[in-house]
Amino acid sequence: MDKRLEEMDYKGIFKYFSEISKIPRGSGNEGEISEYLVSFAKEHNLEYNKDSAMNVIIIKEASPGYENEPTIMLQGHMDMVCEKLKEGTHDFLKDPIKLVVKGDFLHADGTTLGADNGIAMAYMLALLSDKELKHPRIEAVITSDEEVGMNGAKALDLSSSKAKYLINLDSEEEGYLLASCAGGLTGTINLPLKRVTENGKKIKISIGGLKGGHSGMDIVSNRSNANKLLARLLFDLREKSSYGVIHMEGGYKDNVIPREAFAELVIDTDKYSEVSDNITKIMETFKHELVSSEPELDFTIEDMGDGEYTPVHSISFEKLLFLLIQIPYGVQVMSSEIEGLVESSLNLGIFRLEEDQAVICNSVRSSKGSYKHFISNKLEYLANFLGGEYVLRSEYPAWEFNNDSKLREHLQLHYKEMFGKEMKVEAIHAGLECGLIAEKVPGLDIVSIGPDMFRVHTIDEKLDIPSTIRVYKFLERILEEKIR
(Lines give C-alpha, C1' and ligand atoms only; values in the text may rest on other atoms or scores of the structure.)
Protein backbone atom coordinates (compact mmCIF):
# COMPACT_ATOMS: atom_id res chain seq x y z
CA MET A 1 0.00 0.00 0.00
CA ASP A 2 1.32 3.45 -0.92
CA LYS A 3 2.79 5.14 2.19
CA ARG A 4 0.93 8.41 1.58
CA LEU A 5 -2.31 6.52 1.05
CA GLU A 6 -1.70 4.59 4.26
CA GLU A 7 -1.20 7.85 6.14
CA MET A 8 -4.50 9.20 4.75
CA ASP A 9 -6.46 5.99 5.36
CA TYR A 10 -9.53 5.78 7.61
CA LYS A 11 -10.91 2.53 9.04
CA GLY A 12 -9.08 0.49 6.36
CA ILE A 13 -10.97 1.86 3.35
CA PHE A 14 -7.83 2.29 1.26
CA LYS A 15 -6.19 -0.81 2.69
CA TYR A 16 -9.03 -2.82 1.19
CA PHE A 17 -9.09 -0.77 -2.01
CA SER A 18 -5.35 -1.43 -2.45
CA GLU A 19 -5.89 -5.17 -1.95
CA ILE A 20 -8.77 -5.16 -4.43
CA SER A 21 -6.64 -3.26 -6.97
CA LYS A 22 -4.06 -6.06 -6.96
CA ILE A 23 -6.66 -8.48 -8.33
CA PRO A 24 -7.53 -8.40 -12.07
CA ARG A 25 -11.30 -7.93 -12.27
CA GLY A 26 -12.38 -6.85 -15.71
CA SER A 27 -15.90 -7.88 -16.64
CA GLY A 28 -15.98 -11.62 -17.28
CA ASN A 29 -12.79 -12.17 -15.28
CA GLU A 30 -14.17 -12.05 -11.73
CA GLY A 31 -13.27 -15.49 -10.42
CA GLU A 32 -10.32 -14.32 -8.33
CA ILE A 33 -12.01 -11.25 -6.84
CA SER A 34 -15.09 -13.33 -6.03
CA GLU A 35 -12.90 -15.81 -4.15
CA TYR A 36 -11.17 -12.95 -2.34
CA LEU A 37 -14.55 -11.81 -1.02
CA VAL A 38 -15.38 -15.35 0.13
CA SER A 39 -12.01 -15.55 1.91
CA PHE A 40 -12.76 -12.26 3.64
CA ALA A 41 -16.11 -13.59 4.88
CA LYS A 42 -14.48 -16.78 6.20
CA GLU A 43 -11.70 -14.82 7.91
CA HIS A 44 -14.25 -12.66 9.73
CA ASN A 45 -16.65 -15.54 10.52
CA LEU A 46 -19.45 -14.01 8.48
CA GLU A 47 -22.24 -15.85 6.72
CA TYR A 48 -21.84 -15.71 2.93
CA ASN A 49 -23.17 -17.05 -0.32
CA LYS A 50 -21.43 -17.23 -3.69
CA ASP A 51 -23.51 -18.23 -6.71
CA SER A 52 -22.63 -19.61 -10.14
CA ALA A 53 -22.56 -16.08 -11.58
CA MET A 54 -19.76 -15.12 -9.13
CA ASN A 55 -22.07 -12.82 -7.12
CA VAL A 56 -21.18 -12.74 -3.42
CA ILE A 57 -23.49 -11.88 -0.53
CA ILE A 58 -21.97 -11.39 2.93
CA ILE A 59 -24.21 -11.04 5.98
CA LYS A 60 -23.34 -9.36 9.26
CA GLU A 61 -25.96 -9.80 11.95
CA ALA A 62 -27.18 -6.79 13.93
CA SER A 63 -25.09 -5.44 16.79
CA PRO A 64 -26.63 -5.46 20.31
CA GLY A 65 -29.61 -3.13 20.55
CA TYR A 66 -30.29 -3.23 16.79
CA GLU A 67 -31.76 -6.73 16.52
CA ASN A 68 -35.28 -5.42 15.82
CA GLU A 69 -34.23 -2.79 13.29
CA PRO A 70 -34.96 -3.38 9.58
CA THR A 71 -32.18 -5.01 7.55
CA ILE A 72 -30.16 -2.70 5.30
CA MET A 73 -28.68 -4.00 2.07
CA LEU A 74 -25.46 -2.39 0.85
CA GLN A 75 -24.72 -3.02 -2.81
CA GLY A 76 -22.05 -2.50 -5.44
CA HIS A 77 -20.32 -4.43 -8.21
CA MET A 78 -16.93 -6.15 -8.38
CA ASP A 79 -16.00 -5.70 -12.05
CA MET A 80 -14.36 -2.68 -13.65
CA VAL A 81 -14.00 -1.16 -17.12
CA CYS A 82 -10.52 -1.93 -18.49
CA GLU A 83 -9.04 0.94 -20.50
CA LYS A 84 -5.36 1.77 -20.94
CA LEU A 85 -3.04 4.03 -22.86
CA LYS A 86 -2.82 3.07 -26.52
CA GLU A 87 0.88 2.32 -26.15
CA GLY A 88 0.46 0.74 -22.69
CA THR A 89 1.64 -2.79 -21.92
CA HIS A 90 -0.71 -3.42 -18.97
CA ASP A 91 -2.35 -6.86 -19.10
CA PHE A 92 -5.76 -6.67 -17.42
CA LEU A 93 -5.88 -10.47 -17.13
CA LYS A 94 -2.91 -10.66 -14.77
CA ASP A 95 -1.43 -7.26 -13.86
CA PRO A 96 -2.44 -5.30 -10.72
CA ILE A 97 -3.66 -1.72 -11.05
CA LYS A 98 -0.83 0.61 -10.07
CA LEU A 99 -2.19 3.25 -7.70
CA VAL A 100 -0.79 6.77 -7.73
CA VAL A 101 -1.52 9.51 -5.16
CA LYS A 102 -1.46 13.05 -6.52
CA GLY A 103 -2.47 15.62 -3.94
CA ASP A 104 -5.93 14.71 -2.67
CA PHE A 105 -6.65 12.36 -5.57
CA LEU A 106 -6.05 8.68 -6.24
CA HIS A 107 -5.20 7.80 -9.85
CA ALA A 108 -3.97 4.74 -11.74
CA ASP A 109 -0.78 4.61 -13.79
CA GLY A 110 -1.94 4.57 -17.42
CA THR A 111 -5.16 2.63 -16.87
CA THR A 112 -8.64 3.02 -15.50
CA LEU A 113 -8.59 3.15 -11.70
CA GLY A 114 -11.55 0.87 -10.99
CA ALA A 115 -12.97 3.11 -8.26
CA ASP A 116 -16.12 2.40 -10.23
CA ASN A 117 -17.00 0.29 -8.33
CA GLY A 118 -14.08 -0.94 -6.27
CA ILE A 119 -14.70 1.77 -3.71
CA ALA A 120 -18.08 0.17 -2.93
CA MET A 121 -16.34 -3.10 -2.12
CA ALA A 122 -13.77 -1.27 0.02
CA TYR A 123 -16.57 0.51 1.91
CA MET A 124 -18.43 -2.72 2.57
CA LEU A 125 -15.35 -4.67 3.68
CA ALA A 126 -14.33 -1.87 6.03
CA LEU A 127 -17.82 -1.74 7.56
CA LEU A 128 -18.10 -5.53 7.82
CA SER A 129 -14.74 -5.78 9.57
CA ASP A 130 -15.45 -2.97 12.07
CA LYS A 131 -16.20 -4.61 15.43
CA GLU A 132 -17.11 -1.28 17.06
CA LEU A 133 -19.73 -0.23 14.52
CA LYS A 134 -23.35 -0.09 15.71
CA HIS A 135 -25.69 -1.29 12.99
CA PRO A 136 -28.77 -3.29 12.02
CA ARG A 137 -28.44 -6.55 10.08
CA ILE A 138 -26.37 -5.85 6.96
CA GLU A 139 -26.62 -7.72 3.68
CA ALA A 140 -23.57 -6.78 1.57
CA VAL A 141 -24.38 -7.67 -2.02
CA ILE A 142 -21.51 -7.55 -4.53
CA THR A 143 -22.46 -8.37 -8.10
CA SER A 144 -20.50 -9.45 -11.16
CA ASP A 145 -20.52 -8.32 -14.80
CA GLU A 146 -22.26 -5.00 -14.12
CA GLU A 147 -20.32 -3.11 -16.77
CA VAL A 148 -21.35 -5.42 -19.62
CA GLY A 149 -25.09 -5.55 -19.03
CA MET A 150 -25.67 -6.15 -15.30
CA ASN A 151 -25.53 -9.90 -15.84
CA GLY A 152 -24.68 -10.61 -12.23
CA ALA A 153 -27.68 -8.68 -10.94
CA LYS A 154 -29.90 -10.52 -13.40
CA ALA A 155 -28.74 -13.89 -12.05
CA LEU A 156 -28.88 -12.79 -8.40
CA ASP A 157 -31.15 -14.80 -6.10
CA LEU A 158 -32.54 -12.53 -3.38
CA SER A 159 -35.44 -14.74 -2.37
CA SER A 160 -34.02 -15.09 1.15
CA SER A 161 -33.24 -11.40 1.58
CA LYS A 162 -34.67 -9.73 4.66
CA ALA A 163 -33.78 -6.23 3.52
CA LYS A 164 -36.24 -3.37 3.74
CA TYR A 165 -33.74 -0.73 2.65
CA LEU A 166 -31.01 -0.66 -0.01
CA ILE A 167 -28.09 1.75 -0.20
CA ASN A 168 -26.42 1.36 -3.58
CA LEU A 169 -22.80 2.60 -3.55
CA ASP A 170 -22.27 3.09 -7.28
CA SER A 171 -22.71 6.87 -7.47
CA GLU A 172 -19.97 9.32 -8.34
CA GLU A 173 -20.73 12.65 -6.71
CA GLU A 174 -20.69 13.49 -3.02
CA GLY A 175 -23.66 15.42 -1.65
CA TYR A 176 -26.06 13.99 -4.22
CA LEU A 177 -28.62 11.35 -3.40
CA LEU A 178 -29.74 9.42 -6.45
CA ALA A 179 -33.34 8.31 -6.46
CA SER A 180 -33.89 7.14 -10.03
CA CYS A 181 -31.87 5.99 -13.06
CA ALA A 182 -32.28 5.07 -16.70
CA GLY A 183 -32.84 1.60 -18.06
CA GLY A 184 -30.84 0.32 -20.99
CA LEU A 185 -29.94 -2.38 -23.45
CA THR A 186 -27.19 -3.39 -25.83
CA GLY A 187 -28.06 -3.92 -29.47
CA THR A 188 -25.55 -5.55 -31.83
CA ILE A 189 -25.76 -5.23 -35.61
CA ASN A 190 -24.05 -7.85 -37.78
CA LEU A 191 -23.79 -6.72 -41.40
CA PRO A 192 -22.52 -9.29 -43.94
CA LEU A 193 -19.59 -8.24 -46.15
CA LYS A 194 -18.12 -9.47 -49.40
CA ARG A 195 -14.47 -8.93 -50.25
CA VAL A 196 -12.45 -8.60 -53.45
CA THR A 197 -8.75 -8.78 -54.27
CA GLU A 198 -6.81 -5.65 -55.25
CA ASN A 199 -3.21 -4.61 -55.66
CA GLY A 200 -2.08 -1.28 -54.30
CA LYS A 201 -0.69 0.58 -51.30
CA LYS A 202 -2.04 -0.08 -47.84
CA ILE A 203 -2.38 2.92 -45.53
CA LYS A 204 -3.58 3.18 -41.95
CA ILE A 205 -5.54 6.18 -40.66
CA SER A 206 -5.76 6.51 -36.87
CA ILE A 207 -7.92 8.97 -34.95
CA GLY A 208 -7.21 9.60 -31.27
CA GLY A 209 -6.97 12.13 -28.48
CA LEU A 210 -10.71 12.33 -27.87
CA LYS A 211 -12.05 12.68 -24.33
CA GLY A 212 -14.22 9.56 -24.37
CA GLY A 213 -15.99 8.83 -21.12
CA HIS A 214 -19.03 7.12 -19.65
CA SER A 215 -21.81 6.70 -22.18
CA GLY A 216 -24.39 7.58 -19.53
CA MET A 217 -22.82 10.30 -17.40
CA ASP A 218 -20.79 11.99 -20.15
CA ILE A 219 -23.12 11.66 -23.14
CA VAL A 220 -24.59 15.09 -22.39
CA SER A 221 -21.14 16.73 -22.60
CA ASN A 222 -21.01 16.85 -26.41
CA ARG A 223 -18.05 14.48 -26.67
CA SER A 224 -17.18 13.10 -30.08
CA ASN A 225 -17.38 9.39 -30.80
CA ALA A 226 -14.25 8.09 -32.59
CA ASN A 227 -16.25 5.48 -34.54
CA LYS A 228 -18.65 8.10 -35.85
CA LEU A 229 -15.85 10.53 -36.64
CA LEU A 230 -13.94 7.89 -38.59
CA ALA A 231 -17.07 7.10 -40.60
CA ARG A 232 -17.51 10.78 -41.36
CA LEU A 233 -13.89 11.02 -42.50
CA LEU A 234 -14.40 8.17 -44.97
CA PHE A 235 -17.71 9.66 -46.08
CA ASP A 236 -15.98 12.96 -46.93
CA LEU A 237 -12.92 11.26 -48.42
CA ARG A 238 -14.98 9.31 -50.97
CA GLU A 239 -15.74 12.60 -52.77
CA LYS A 240 -12.03 13.37 -53.15
CA SER A 241 -10.17 10.07 -53.52
CA SER A 242 -10.71 6.44 -54.51
CA TYR A 243 -9.99 3.78 -51.91
CA GLY A 244 -11.00 0.36 -50.65
CA VAL A 245 -11.47 -0.53 -46.97
CA ILE A 246 -9.47 -3.48 -45.67
CA HIS A 247 -10.19 -3.08 -41.98
CA MET A 248 -11.84 -0.71 -39.51
CA GLU A 249 -11.98 -0.85 -35.74
CA GLY A 250 -12.79 1.33 -32.76
CA GLY A 251 -13.95 1.15 -29.15
CA TYR A 252 -13.61 -1.55 -26.50
CA LYS A 253 -16.83 -1.32 -24.45
CA ASP A 254 -20.35 -0.53 -25.61
CA ASN A 255 -20.88 1.70 -22.56
CA VAL A 256 -17.73 3.78 -23.16
CA ILE A 257 -17.59 6.66 -25.65
CA PRO A 258 -14.73 5.58 -27.97
CA ARG A 259 -11.58 7.71 -27.81
CA GLU A 260 -9.75 6.04 -30.71
CA ALA A 261 -10.51 4.32 -34.02
CA PHE A 262 -8.58 3.36 -37.13
CA ALA A 263 -9.06 2.25 -40.73
CA GLU A 264 -6.77 0.41 -43.12
CA LEU A 265 -7.31 1.36 -46.77
CA VAL A 266 -5.90 0.23 -50.09
CA ILE A 267 -5.22 2.99 -52.65
CA ASP A 268 -3.43 3.33 -55.97
CA THR A 269 0.30 3.14 -55.32
CA ASP A 270 1.00 6.45 -57.04
CA LYS A 271 -1.80 8.30 -55.20
CA TYR A 272 -0.37 8.25 -51.68
CA SER A 273 0.54 11.94 -51.53
CA GLU A 274 -2.80 13.00 -52.96
CA VAL A 275 -4.84 10.80 -50.60
CA SER A 276 -2.70 11.78 -47.62
CA ASP A 277 -3.22 15.48 -48.40
CA ASN A 278 -6.99 15.00 -48.69
CA ILE A 279 -7.18 13.15 -45.38
CA THR A 280 -5.12 15.87 -43.70
CA LYS A 281 -7.41 18.61 -45.03
CA ILE A 282 -10.51 16.81 -43.80
CA MET A 283 -9.01 16.16 -40.38
CA GLU A 284 -7.85 19.76 -40.04
CA THR A 285 -11.44 20.81 -40.74
CA PHE A 286 -12.63 18.46 -37.98
CA LYS A 287 -10.01 19.81 -35.56
CA HIS A 288 -11.14 23.37 -36.24
CA GLU A 289 -14.78 22.39 -35.84
CA LEU A 290 -14.13 20.55 -32.56
CA VAL A 291 -11.49 22.87 -31.11
CA SER A 292 -13.61 23.62 -28.01
CA SER A 293 -15.16 20.22 -27.35
CA GLU A 294 -12.20 18.02 -28.36
CA PRO A 295 -9.02 20.13 -28.17
CA GLU A 296 -6.70 17.09 -28.13
CA LEU A 297 -8.05 15.47 -31.30
CA ASP A 298 -5.19 14.10 -33.40
CA PHE A 299 -4.60 11.71 -36.29
CA THR A 300 -1.86 9.80 -38.07
CA ILE A 301 -1.42 8.40 -41.57
CA GLU A 302 0.93 5.44 -42.07
CA ASP A 303 2.28 3.86 -45.26
CA MET A 304 1.93 0.10 -44.72
CA GLY A 305 3.51 -0.96 -48.00
CA ASP A 306 2.51 -2.19 -51.45
CA GLY A 307 0.98 -5.61 -52.08
CA GLU A 308 -2.14 -7.65 -52.74
CA TYR A 309 -5.05 -7.00 -50.36
CA THR A 310 -8.68 -8.02 -49.86
CA PRO A 311 -10.77 -4.88 -49.31
CA VAL A 312 -14.53 -4.88 -48.81
CA HIS A 313 -16.53 -4.97 -52.05
CA SER A 314 -17.74 -1.50 -53.05
CA ILE A 315 -21.44 -2.37 -52.65
CA SER A 316 -20.85 -3.89 -49.22
CA PHE A 317 -18.88 -0.82 -48.22
CA GLU A 318 -21.61 1.59 -49.35
CA LYS A 319 -24.09 -0.28 -47.16
CA LEU A 320 -21.67 -0.22 -44.24
CA LEU A 321 -20.88 3.46 -44.62
CA PHE A 322 -24.58 4.30 -44.92
CA LEU A 323 -25.23 2.40 -41.70
CA LEU A 324 -22.39 4.07 -39.80
CA ILE A 325 -23.47 7.53 -40.93
CA GLN A 326 -27.16 6.96 -40.23
CA ILE A 327 -26.91 5.33 -36.80
CA PRO A 328 -27.77 8.11 -34.33
CA TYR A 329 -25.28 9.02 -31.64
CA GLY A 330 -25.55 11.00 -28.42
CA VAL A 331 -28.54 12.55 -26.70
CA GLN A 332 -31.81 11.67 -28.42
CA VAL A 333 -34.32 13.23 -26.00
CA MET A 334 -33.95 15.47 -22.93
CA SER A 335 -36.32 14.91 -20.02
CA SER A 336 -39.39 17.14 -19.92
CA GLU A 337 -39.84 16.28 -16.22
CA ILE A 338 -36.37 16.91 -14.74
CA GLU A 339 -34.42 19.90 -16.02
CA GLY A 340 -31.00 19.03 -17.41
CA LEU A 341 -31.55 15.25 -17.33
CA VAL A 342 -31.00 13.18 -20.46
CA GLU A 343 -34.02 10.98 -21.05
CA SER A 344 -32.73 8.85 -23.96
CA SER A 345 -29.37 8.35 -25.64
CA LEU A 346 -27.40 6.07 -27.92
CA ASN A 347 -23.68 5.23 -28.08
CA LEU A 348 -21.92 3.32 -30.87
CA GLY A 349 -19.38 1.82 -28.50
CA ILE A 350 -17.71 -1.05 -30.36
CA PHE A 351 -17.09 -1.40 -34.09
CA ARG A 352 -14.91 -3.82 -36.02
CA LEU A 353 -14.68 -5.45 -39.41
CA GLU A 354 -14.27 -9.20 -39.48
CA GLU A 355 -13.56 -11.28 -42.56
CA ASP A 356 -17.18 -11.62 -43.66
CA GLN A 357 -19.14 -9.17 -41.50
CA ALA A 358 -19.13 -5.86 -39.69
CA VAL A 359 -19.99 -5.95 -35.96
CA ILE A 360 -21.49 -2.81 -34.43
CA CYS A 361 -22.42 -2.70 -30.73
CA ASN A 362 -24.70 0.08 -29.48
CA SER A 363 -25.60 1.04 -25.92
CA VAL A 364 -29.15 2.39 -25.63
CA ARG A 365 -30.28 4.19 -22.47
CA SER A 366 -33.63 5.69 -21.52
CA SER A 367 -35.74 6.40 -18.47
CA LYS A 368 -38.75 5.66 -20.67
CA GLY A 369 -39.05 1.98 -21.56
CA SER A 370 -41.16 2.71 -24.64
CA TYR A 371 -38.58 5.08 -26.13
CA LYS A 372 -35.74 2.72 -25.29
CA HIS A 373 -37.45 0.10 -27.43
CA PHE A 374 -38.20 2.63 -30.18
CA ILE A 375 -34.47 3.36 -30.54
CA SER A 376 -33.72 -0.35 -30.48
CA ASN A 377 -36.38 -1.04 -33.11
CA LYS A 378 -34.93 1.74 -35.27
CA LEU A 379 -31.52 0.08 -35.14
CA GLU A 380 -33.09 -3.24 -36.08
CA TYR A 381 -34.95 -1.59 -38.97
CA LEU A 382 -31.72 -0.09 -40.31
CA ALA A 383 -29.89 -3.40 -40.00
CA ASN A 384 -32.61 -5.45 -41.68
CA PHE A 385 -33.07 -2.90 -44.46
CA LEU A 386 -29.40 -3.31 -45.38
CA GLY A 387 -29.45 -7.10 -45.19
CA GLY A 388 -27.98 -7.45 -41.71
CA GLU A 389 -29.23 -8.91 -38.46
CA TYR A 390 -29.84 -7.32 -35.09
CA VAL A 391 -29.40 -9.00 -31.72
CA LEU A 392 -30.82 -7.40 -28.57
CA ARG A 393 -28.97 -8.35 -25.40
CA SER A 394 -28.22 -7.19 -21.87
CA GLU A 395 -31.47 -5.34 -21.25
CA TYR A 396 -32.18 -3.91 -17.81
CA PRO A 397 -35.09 -1.86 -16.42
CA ALA A 398 -35.15 1.73 -15.22
CA TRP A 399 -35.26 2.43 -11.49
CA GLU A 400 -38.35 4.56 -10.95
CA PHE A 401 -38.65 7.39 -8.45
CA ASN A 402 -40.33 6.56 -5.11
CA ASN A 403 -42.42 9.48 -3.83
CA ASP A 404 -42.56 8.11 -0.28
CA SER A 405 -39.06 7.05 0.81
CA LYS A 406 -38.19 6.89 4.51
CA LEU A 407 -34.61 6.00 3.62
CA ARG A 408 -34.22 9.10 1.47
CA GLU A 409 -35.55 11.27 4.30
CA HIS A 410 -33.20 9.53 6.75
CA LEU A 411 -30.14 10.32 4.63
CA GLN A 412 -31.21 13.90 3.98
CA LEU A 413 -31.78 14.55 7.71
CA HIS A 414 -28.38 13.25 8.81
CA TYR A 415 -26.48 14.78 5.92
CA LYS A 416 -27.83 18.19 6.93
CA GLU A 417 -26.86 17.56 10.56
CA MET A 418 -23.34 16.40 9.66
CA PHE A 419 -22.42 18.86 6.92
CA GLY A 420 -24.77 21.81 7.42
CA LYS A 421 -26.23 21.72 3.92
CA GLU A 422 -28.97 19.98 2.00
CA MET A 423 -28.33 16.71 0.23
CA LYS A 424 -29.53 17.15 -3.34
CA VAL A 425 -31.90 14.54 -4.73
CA GLU A 426 -31.32 13.69 -8.38
CA ALA A 427 -31.98 11.19 -11.14
CA ILE A 428 -29.20 10.11 -13.51
CA HIS A 429 -29.02 8.89 -17.06
CA ALA A 430 -26.48 6.16 -16.27
CA GLY A 431 -27.72 2.68 -15.47
CA LEU A 432 -27.58 1.19 -11.98
CA GLU A 433 -28.53 -2.26 -10.74
CA CYS A 434 -31.25 -0.80 -8.52
CA GLY A 435 -34.03 -1.45 -11.04
CA LEU A 436 -33.19 -5.15 -11.31
CA ILE A 437 -32.88 -5.54 -7.54
CA ALA A 438 -36.17 -3.70 -6.98
CA GLU A 439 -37.88 -6.27 -9.19
CA LYS A 440 -36.49 -9.09 -7.06
CA VAL A 441 -37.38 -7.53 -3.68
CA PRO A 442 -40.77 -5.82 -4.02
CA GLY A 443 -41.24 -2.78 -1.82
CA LEU A 444 -37.51 -2.24 -1.27
CA ASP A 445 -36.75 1.41 -0.39
CA ILE A 446 -33.66 2.43 -2.40
CA VAL A 447 -31.13 5.25 -2.62
CA SER A 448 -27.69 5.52 -4.20
CA ILE A 449 -24.70 7.53 -2.92
CA GLY A 450 -20.94 7.71 -3.42
CA PRO A 451 -17.82 9.88 -3.19
CA ASP A 452 -16.51 12.27 -5.82
CA MET A 453 -15.04 10.45 -8.83
CA PHE A 454 -14.06 11.95 -12.13
CA ARG A 455 -13.62 10.64 -15.70
CA VAL A 456 -14.71 7.10 -14.85
CA HIS A 457 -14.29 4.53 -17.63
CA THR A 458 -11.23 6.45 -18.89
CA ILE A 459 -7.49 6.41 -18.19
CA ASP A 460 -7.97 9.79 -16.50
CA GLU A 461 -10.25 8.33 -13.81
CA LYS A 462 -9.54 9.72 -10.34
CA LEU A 463 -11.02 9.40 -6.86
CA ASP A 464 -11.19 12.23 -4.33
CA ILE A 465 -9.60 10.85 -1.15
CA PRO A 466 -11.09 13.31 1.43
CA SER A 467 -14.52 12.88 -0.22
CA THR A 468 -14.19 9.11 0.05
CA ILE A 469 -13.55 9.39 3.78
CA ARG A 470 -16.43 11.84 4.33
CA VAL A 471 -18.91 9.58 2.58
CA TYR A 472 -17.70 6.61 4.63
CA LYS A 473 -18.25 8.55 7.88
CA PHE A 474 -21.71 9.44 6.58
CA LEU A 475 -22.39 5.74 5.99
CA GLU A 476 -21.34 4.99 9.58
CA ARG A 477 -23.82 7.60 10.81
CA ILE A 478 -26.61 6.26 8.59
CA LEU A 479 -26.15 2.73 9.94
CA GLU A 480 -25.83 3.79 13.58
CA GLU A 481 -28.89 6.07 13.58
CA LYS A 482 -32.16 4.14 13.57
CA ILE A 483 -34.58 4.93 10.75
CA ARG A 484 -37.85 6.46 11.98
Side-chain angles (χ1 to χ4, degrees), residues 83-88 110 112 201-215 217-253 256-267 271-304 317 320-332 345-353 360 362-363 454-461:
E83 288 273 325
K84 64 180 179 180
L85 287 169
K86 186 177 181 181
E87 64 276 13
T112 37
K201 182 180 291 295
K202 179 180 176 181
I203 66 170
K204 181 178 181 180
I205 311 166
S206 301
I207 293 175
L210 299 175
K211 292 179 180 177
H214 190 292
S215 67
M217 301 298 290
D218 297 319
I219 203 76
V220 74
S221 300
N222 195 32
R223 296 181 181 176
S224 294
N225 180 310
N227 289 330
K228 294 289 288 181
L229 198 61
L230 180 62
R232 184 180 165 192
L233 168 62
L234 296 183
F235 180 75
D236 290 352
L237 184 61
R238 66 201 279 276
E239 299 298 324
K240 302 175 183 294
S241 301
S242 297
Y243 62 86
V245 171
I246 302 167
H247 186 62
M248 294 175 68
E249 188 172 330
Y252 304 99
K253 303 287 182 182
V256 176
I257 302 170
R259 300 174 63 247
E260 302 166 345
F262 71 89
E264 295 175 350
L265 312 181
V266 59
I267 61 173
K271 297 288 187 181
Y272 177 73
S273 293
E274 175 190 315
V275 174
S276 181
D277 287 346
N278 286 333
I279 292 170
T280 299
K281 289 176 183 177
I282 294 169
M283 286 303 303
E284 289 299 331
T285 298
F286 292 172
K287 291 178 73 173
H288 177 74
E289 180 182 307
L290 301 172
V291 65
S292 296
S293 60
E294 298 287 358
E296 303 300 319
L297 170 63
D298 59 26
F299 70 99
T300 58
I301 306 168
E302 301 174 62
D303 184 340
M304 308 292 285
F317 176 65
L320 173 62
L321 188 59
F322 179 86
L323 180 60
L324 291 173
I325 293 295
Q326 294 301 320
I327 288 177
Y329 163 68
V331 176
Q332 303 299 295
S345 73
L346 179 62
N347 178 55
L348 199 170
I350 305 173
F351 168 55
R352 68 179 182 274
L353 293 193
I360 304 168
N362 302 274
S363 176
F454 304 90
R455 302 298 304 279
V456 298
H457 294 191
T458 78
I459 58 173
D460 299 316
E461 181 182 0

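Positions are given from 1 along the sequence. Please read these numbers as outputs of a predicted model, since none were measured by experiment.
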Among all residues two or more places apart in sequence or in another chain, which pass the side-chain hydrogen bond (donor to acceptor under 3.5 Å, both in side chains) test with [X]?
{"X": "Asp303", "value": "Lys201"}
{"X": "Asn225", "value": "Asn347"}
{"X": "Glu284", "value": "none"}

*Does Lys202 reach the main-chain N or O of Leu265 with its side chain, forming a donor-acceptor pair under 3.5 Å?*
no
*Mark yes or no for whether Arg352, through its side chain, and Glu249, through its backbone, hold a donor-acceptor pair below 3.5 Å.*
no
*For side-chain contact (heavy atoms from CB on, under 4.5 Å), just list the numbers for Lys211 and Arg455, CA-CA rounded to whole Å, side-chain angles, deciding distance to a tenth of an Å, and then say yes or no.*
CA-CA 9 Å; Lys211 292 179 180 177; Arg455 302 298 304 279; 3.8 Å; yes
*Mark yes when over 12 heavy atoms from residues, nucleotides or ligands other than Tyr252 sit less than 6.0 Å from its OH; otherwise mark no.*
no
*asked:* Could you work out, with ring pair (Phe, Tyr, Trp, His ring centres under 6.0 Å) as the rule, every residue matching Tyr329, not counting sequence neighbours?
replied: none
With side chains defined as the heavy atoms from C-beta onward, is the minimum distance between [X] and [Y] less than 4.5 Å?
{"X": "Val245", "Y": "Leu320", "value": "no"}
{"X": "Phe299", "Y": "Thr280", "value": "yes"}
{"X": "Leu324", "Y": "Asn227", "value": "no"}
{"X": "Leu233", "Y": "Phe286", "value": "yes"}
{"X": "Lys86", "Y": "Glu260", "value": "yes"}
{"X": "Met283", "Y": "Leu297", "value": "yes"}

Can you name the closest pair of heavy atoms from [X] and [Y] and give their distance?
{"X": "Ile219", "Y": "Val331", "answer": "O-CG2, 3.8 Å"}
{"X": "Gln332", "Y": "Pro328", "answer": "OE1-CB, 3.5 Å"}
{"X": "Leu234", "Y": "Ala263", "answer": "CD1-CB, 4.5 Å"}
{"X": "Gly349", "Y": "Pro258", "answer": "O-CG, 3.4 Å"}
{"X": "Gly213", "Y": "Asp218", "answer": "CA-OD2, 3.3 Å"}
{"X": "Ser241", "Y": "Glu274", "answer": "OG-OE2, 4.1 Å"}

Let me confirm one number: the [atom1]-[atom2] distance from [X] to [Y], rounded to the nearest 0.5 Å.
{"X": "Phe351", "Y": "Leu323", "atom1": "CZ", "atom2": "CG", "answer": "8.5 Å"}
{"X": "Ser221", "Y": "His214", "atom1": "OG", "atom2": "NE2", "answer": "12.0 Å"}
{"X": "Ser215", "Y": "His457", "atom1": "OG", "atom2": "NE2", "answer": "8.0 Å"}
{"X": "Ile205", "Y": "Glu264", "atom1": "CD1", "atom2": "CD", "answer": "10.0 Å"}
{"X": "Ser345", "Y": "Asn362", "atom1": "OG", "atom2": "CG", "answer": "11.0 Å"}
{"X": "Asp236", "Y": "Thr285", "atom1": "CG", "atom2": "OG1", "answer": "8.0 Å"}

_Qualifying residues under salt bridge (charged side-chain N to carboxylate O under 4.0 Å, His left out), relative to Lys204, sequence neighbours excluded_ = none
*Taking the inter-plane angle between the rings of Phe317 and Tyr243 on a 0 to 90° scale, is it parallel (under 30°), tilted (30 to 60°) or perpendicular (over 60°)?*
perpendicular
_My understanding is that only residues two or more places apart in sequence, or in another chain, count here; which of them pass side chain to side chain contact (heavy atoms under 4.5 Å, CB included) with Ser224?_
Leu210, Leu290, Glu294
